Q: 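Let me give you the structure first, and then I'll get to my questions.
This one's a predicted model, so the numbers in the text were calculated from it and none came from an experiment. Proteins get letters first, then strands, A, B, ... in listed order; numbering begins at 1 in each. All heavy atoms count here, side chains included; hydrogens, waters and symmetry mates do not.
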2 protein chains.
Amino acid sequence: MRKEILDNYEKDAEVFKALGHPTRLFIVHQLAKEDKCVCELTAMVGDDISTISKHLSVLKNVGIVDYLKKGNQIFYRLKLRCVLDMTVCVDDKRVR
Amino acid sequence: MRKEILDNYEKDAEVFKALGHPTRLFIVHQLAKEDKCVCELTAMVGDDISTISKHLSVLKNVGIVDYLKKGNQIFYRLKLRCVLDMTVCVDDKRVR
DNA sequence: CAAGTATTTGGCTTTTTGGCAAAATAGTAA
DNA sequence: TTACTATTTTGCCAAAAAGCCAAATACTTG
């Protein structure tokens, strides 16, 4: 039974886990508006750029974002836009 | 700026984080079918009952589930049913 | 090529999480 | 009350996550 859990739910859980950090959730919402480079996100959040870079790679590894290179900057882009609907669900709850 | 992130996204992130574990995701899907007591969930998952109890309290603390007592057993119930739609979003992605 | 900017990676420490086992709590029933 | 069952809490340990700094990598430009 353990096996079934791990096989069927692990991938989904990875996505939820990636969204389970306030900074990453903030990043997702910023990228929902428009693509942003790492330095822009770093300036907005205020953490070290290496910290932001690591958050972005967490999001990238589960397919929520991808990126495009422009010159020497890297612009991240929200790829899995349906995660925005997921947040609405959470917000609904909070209102109650 | 840190402040804004923490204040506006921390609550949502807590919910995502609660779903970010395969066992908890499995539990949510079982409860979507019908209420279950801790011992039933324990039997299905195969972990120690104390481990299951902790997973349930994580889900309860963020409002995803609640429970009702019946005799000496405690039946957990899926309260925030919209999380099921959230999973669909994830599955959509995986198909691609 | 060297210098400068942007980003990622590695190393390190601190904090959090997950799991089990044992003790504590709650409820039932003899 | 005692015994029994169900669940939670506590303590402990190992593993994973988060964050910063420094080093490495990538790209541009002089």
Q: Check the distance between dT7(D)'s P and Asp47(B)'s CG and give it to me in whole angstrom.
A: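 Interatomic distance, CG of Asp47(B) to P of dT7(D): 16 Å.
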Q: Would the number of heavy atoms belonging to other residues, nucleotides or ligands and lying under 6.0 Å from OH of Tyr67(B) be above 12?
A: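 It does not: Tyr67(B) OH has 12 such atoms or fewer within range.
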Q: Measure CG/Leu56(B) against P/dG18(C) and give the value in whole Å, please.
A: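 Leu56(B) atom CG is separated from dG18(C) atom P by 13 Å.
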Q: By the 4.0 Å heavy-atom rule, please label Lys70(B) as base, sugar-phosphate, or nothing.
A: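 Result for Lys70(B) = nothing.
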Q: Rounded to the Å, how far apart are Gln73(B) CD and dC4(D) P?
A: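 Distance check: Gln73(B) CD to dC4(D) P gives 19 Å.
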Q: Are Leu19(B) and Met44(B) connected into the same hydrophobic cluster when the rule is that any two of I, L, V, M, F, W, Y join if their side-chain heavy atoms are below 4.5 Å apart?
A: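 Same hydrophobic cluster.
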Q: Measure CG/Asn61(B) against P/dG18(C) and give the value in whole Å, please.
A: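 Checked: the CG to P distance equals 13 Å.
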Q: Without decimals, in angstroms, what is the distance between Lys60(A) NZ and dT9(C) C1'?
A: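 Nearest whole value for this atom pair: 12 Å.
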Q: Tell me, please, which residues at least two apart from Asp85(B) pass salt bridge (charged side-chain N to carboxylate O under 4.0 Å, His left out).
A: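 With neighbours one apart ignored, the set is empty.
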Q: Between dT28(C), dT8(D), dT8(C), which nucleotide gets closest to the side-chain atoms of Asn72(B)?
A: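 Side chain of Asn72(B) sits closest to dT28(C).
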Q: More 5' along DNA chain C: Phe75(A) or Lys54(A), using each one's nearest nucleotide?
A: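 The residue mapped nearer the 5' terminus is Phe75(A).
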Q: Could you please name the option among dG19(D), dC27(D), dA6(D) that lies closest to any side-chain atom of Lys69(A)?
A: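 Of the options given, the side chain of Lys69(A) lies nearest dC27(D).
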Q: May I ask you to verify if any side-chain N or O of Tyr67(A) is less than 4.0 angstrom from the OP1 or OP2 atom of dT8(C)?
A: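 No, no such contact exists.
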Q: When you check the phosphate oxygens OP1 and OP2 of dG19(D), does a side-chain N or O of His55(A) lie under 4.0 Å from one of them?
A: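 Yes, within the criterion.
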Q: Taking for each residue the nucleotide of DNA chain D bearing the nearest heavy atom, is the 5' side occupied by Glu14(A) or by Asp48(A)?
A: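 In this pair, the answer is Glu14(A).
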Q: Under the criterion side-chain contact (heavy atoms from CB on, under 4.5 Å), I'd like the reasoning laid out for Leu78(B) against Leu84(B): C-alpha separation, chi angles, the key distance, then a yes or no.
A: CA-CA 10 Å; Leu78(B) 181 59; Leu84(B) 299 172; 4.0 Å; yes
Q: Roughly, in whole Å, what's the span from CG in Leu19(A) to P in dA18(D)?
A: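 Rounding to the nearest Å, CG of Leu19(A) and P of dA18(D) are 12 Å apart.
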Q: Find which nucleotide of DNA chain D each of Arg24(A) and Ser50(A) is nearest to by heavy atoms, and output the residue with the more 5' nucleotide.
A: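 Result of the comparison: Arg24(A).
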Q: Starting the side chain at C-beta, find the nucleotide from dG18(C), dT9(C), dG19(D) nearest to His21(B).
A: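 Output: dG18(C).
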Q: Among dT7(C), dT9(C), dT7(D), which nucleotide sits nearest the side chain of Cys37(B)?
A: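 The listed nucleotide nearest to Cys37(B)'s side chain is dT7(D).
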Q: Using a cut-off of strictly less than 4.0 Å, decide whether Thr51(B) has a side-chain nitrogen or oxygen near OP1 or OP2 of dG19(C).
A: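 No.
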Q: Taking only side-chain N and O atoms of Tyr76(B), does any of them lie within less than 4.0 angstrom of OP1 or OP2 on dA6(D)?
A: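 The answer is no; no side-chain N or O of Tyr76(B) sits under 4.0 Å from OP1 or OP2.
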Q: Please report, rounded to the nearest Å, how far the C1' atom of dT7(C) is from the CG atom of Asp66(A).
A: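 Taking CG of Asp66(A) and C1' of dT7(C), I get 17 Å after rounding.
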Q: To the nearest Å, how far apart are Ile49(A) CD1 and dA22(D) P?
A: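 Taking atom P of dA22(D) as the reference, CD1 of Ile49(A) is at 15 Å.
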Q: Just do the salt bridge (charged side-chain N to carboxylate O under 4.0 Å, His left out) check on Glu14(B) and Lys11(B) with the steps written out, would you?
A: CA-CA 5 Å; Glu14(B) 286 296 314; Lys11(B) 274 230 161 64; over 6 Å; no
